[in-house]
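First comes the structure, then the notes that go with it.
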Amino acid sequence: MTRAFLLATNDNTAVIHADVRDSEAIRADPEIARLIDLDKPIGIVFSANAGST
């Protein structure tokens, strides 16, 4: 069982494939829009994105 599958089975999480340097693509992803109201202040933590497999 992969980590993505475990996260994808929870309606309050999303797994997207994007370049962390492309913030516009991340904000435009429909899964992000479903979970996050971008009209309100938010904080996003990108963890384990360097050197993780």
Side-chain angles (χ1 to χ4, degrees):
M1 209 176 272
T2 67
R3 288 177 266 178
F5 175 77
L6 292 173
L7 289 173
T9 59
N10 181 331
D11 289 339
N12 295 316
T13 63
V15 176
I16 66 168
H17 296 278
D19 185 332
V20 70
R21 299 167 295 179
D22 188 358
S23 61
E24 290 298 320
I26 293 169
R27 285 191 295 244
D29 190 282
E31 285 297 298
I32 298 299
R34 178 179 69 84
L35 292 171
I36 301 172
D37 182 353
L38 295 174
D39 292 329
K40 296 182 181 177
I42 61 168
I44 299 175
V45 176
F46 293 100
S47 63
N49 60 18
S52 267
T53 57

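These values consider heavy atoms only, across backbone and side chains, with no hydrogens, waters or symmetry-generated copies.
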Rounded distance (nearest 0.5 Å) linking atom CG of D37 with atom CD1 of I42
9.0 Å
Applying side chain to side chain contact (heavy atoms under 4.5 Å, CB included) to A18 and not counting sequence neighbours gives I16, I26
Output for pair (D19 CG, R21 CZ), nearest 0.5 Å, gives 4.0 Å
Residue set satisfying side chain to side chain donor-acceptor pair (under 3.5 Å) with D22, at least two apart, ordered chain then number -> none
Indicate yes or no: at least one non-hydrogen side-chain atom of I32 is less than 4.5 angstrom from one of R27.
no
Taking CZ in R34 as the centre, count heavy atoms belonging to other residues, nucleotides or ligands within less than 6.0 Å. Is the count above 12?
yes
